[in-house]
Structure formats: C-alpha cells, structure tokens
Amino acid sequence: MPDMRSLLRVGSEGPDVPVDLTAIDPQSTPGLPGRKVTGSDPKLWARGEVERIGAELATQQEMLFAQGTVEPELGRSVLLVLQAMDCGGKDGAVKRVAGAMNPLGLHIKAFGPPTPEERRHDFLWRIRKALPPAGYVGVFNRSHYEDVLVVRVMGLAPESVWRPRYKKINDFERRLVDSGTAVVKVMLHISHDEQRERLLSRLDDPTKQWKFNPDDLEARARWDDYQEAYAEALARCSDAAPWHVLPANRKWYRDWALAHLLRETFADLKLSYPKPEYDVDAQRRRLEADG
Ligand code: ADP
C-alpha cells in the first residue's frame, strides 16, 4: 500500500511554481489497489475499507482524546482542512470519514462569508478561535484559504491585501504545527463537468433543491480563475503543512483516500492510551473489599 500522503502531495516544486491542476485527473484513483485486491467491484471494496479504517480512526481519536485529557500540555490535536469548488464533496467526506469518529471529540467548523464582527478583525481571527483544543480532531469545511481564493477571484479585496496573506498563512500554520497540531490539508478536486452534473442533480431532486444556491453559478462562471487561485495558493502555502490534491469525481475513492490520509496522520503521532497514575491492583482490591 503506497503512502497516500506522498502520492497526493503537491507543491514540491516550490512556492513560485503554481500547482498544475490540469495534470491531475479528477476521475483518477491514485493508490487504489488493482482488481486482484479489490475484486470486480472497487466501489464496494472501497466502501468496506472506509468502514474498516473508520473504526481505526475512532480508536486513534479516542487515544488522542485520552492523551489530551491526561497531558493537555502536549497540545496534541489534528486539524483537517477541506477546500473544494462548490459540490466538491466536502460535506459528504465529513459525513463519511469524520463521521466514523466520536462526535464528542470532533470540532467541526464551516466557514461562510465573514460576519460584520469577523470583518473587523484580521482574517485569521475567526480561524484561531475555531482551532481544535488539545485532544480534539478539528475539521474545517472551508478555511482561511477562502481569503486567498474567493476574495481574490471575486475581487473582495485588492491584491495588496490578499497577496501578503500567503506569508501570514505560512507563519500561522508553522506555529500551529510547532505547537503540536497535525495539520492535513486536502483539496477535493472535481472536474467542471462533474460540478455541472452535481448542480443539476440538486435541481432535479426536491430533497436536494435546498442545497442549490444561484450564487454558485457565479462562482462556476469563474472556474478558471478559481483554478488559478488554487494553483497559486497550493504552491505558496505548502510550507509548514503541505497540500494534497485528492481526485474527487468518484465519491467512493474520495472517502477511501481521505480515510487513508487521516490514518497516516494519526500513525505519525504514535498515540497510545495513557498509563494510569494510580495503582490499578490497589484500586481493584478496594473495590473487591467493598463487595
Ligand atoms: P458550502 O458551499 O461550503 O457548502 P455555503 O453554501 O454556506 O457552504 O458557502 C459558503 C460560502 O462562503 C462560499 O461561497 C464561500 O466562498 C464563502 N466564504 C467563505 N469564506 C469566505 C471569506 N473569507 N470571504 C468571503 N466569502 C467567504
């Protein structure tokens, strides 16, 4: 099994070389084993694997939580940053992969347009407030990257404002990583055609129509500008915490690959359950005597 983080990592050519998203096929399934392993139905196989890995993630999360409770000064936490074009599948990925973990230990935060109060602060203000405490797994559904994506593409601020943010983001993420947070950044990469299909299916299905937002079509009209903004952000901000581009046209592959990225991140932390500071036998004897 290849290391999925190495396989999906981008930005290795340095901050000045925009990531070539056109070279990454959203339909592809890098790292997926061949039919010898998956059998004739890779989709079914991948769904089974997501359940299996999900159980492992739940155990890892519990150990992280236990460690955060017993040794909060270590400041250990995990932060998954999810970015995607509209309909990129962030919600589905959160549901299927983060959903395998205990909701009590999750800190899920979605970022929409800043509120008037948030606008009065630095763009990282609301991000800092939403960081997972020690022992928690944080999930950002959109993030501080919107401040170099939508803000750039829609001209919500001049370049003199958004360009310096790359460095601010790198500095911020460096501090975050140094203080014990394992940061996993993932762009769910769908194609222009796939987005159209997914938008249409929202319109066609009365149970999904509420998800459709006519404004999404404005963003879709600026697809190339967004891809360009992503290409630059991914390259410039893969310093302290590298970006991964995950081909996401196939939902089952998306979930499978994301589960692996999280599993590999947890594995680095080398977590274990904390040893009790009390004498287990002595406590047992006390209870037994209380029979
Ligand atoms: P989603 O599309 O993630 O399911 P919403 O439909 O609520 O959720 O969309 C969130 C919207 O908020 C997106 O259009 C996104 O571009 C916008 N947004 C997020 N962060 C910012 C920001 N910092 N400045 C402006 N708009 C933002």
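This one's a predicted model, so the numbers in the text were calculated from it and none came from an experiment. Indexing begins at 1, ligand by ligand and atom by atom, following the structure's order.
- Not one N or O on the side chain of N102 forms a donor-acceptor pair closer than 3.5 Å with the backbone of Q61.
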What does the contact table look like for ligand 1 (nitrogen or oxygen on each side, cut-off under 3.5 Å)?
from: ligand 1; atom 1: 2 (O); to: R142; atom 2: NH2; distance (Å): 2.7
from: ligand 1; atom 1: 3 (O); to: K90; atom 2: NZ; distance (Å): 2.8
from: ligand 1; atom 1: 3 (O); to: R142; atom 2: NE; distance (Å): 2.6
from: ligand 1; atom 1: 3 (O); to: R142; atom 2: NH2; distance (Å): 3.3
from: ligand 1; atom 1: 12 (O); to: P113; atom 2: N; distance (Å): 3.3
from: ligand 1; atom 1: 16 (O); to: E146; atom 2: OE1; distance (Å): 3.1
from: ligand 1; atom 1: 20 (N); to: G112; atom 2: O; distance (Å): 3.2
from: ligand 1; atom 1: 20 (N); to: R126; atom 2: NH2; distance (Å): 3.2
from: ligand 1; atom 1: 23 (N); to: R126; atom 2: NH2; distance (Å): 3.1
from: ligand 1; atom 1: 23 (N); to: D147; atom 2: OD1; distance (Å): 3.1

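- A salt bridge links R284 to D281: one of the charged nitrogens lies within less than 4.0 Å of a carboxylate oxygen.
- The side-chain hydrogen bond (donor to acceptor under 3.5 Å, both in side chains) with R126 is formed by just one residue from the set E117, H121, H144, E118; it is E118.
- Between K167 and D171 there is a salt bridge, with a side-chain nitrogen of the basic residue lying less than 4.0 Å from a carboxylate oxygen of the acidic one.
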Audit row: E56, R52, salt bridge (Lys or Arg N to Asp or Glu O under 4.0 Å) steps and yes/no: CA-CA 7 Å; E56 283 180 38; R52 190 181 63 74; 3.2 Å; yes
Test side-chain contact (heavy atoms from CB on, under 4.5 Å) applied to F266 and T59, step by step: CA-CA 10 Å; F266 272 121; T59 302; over 6 Å; no
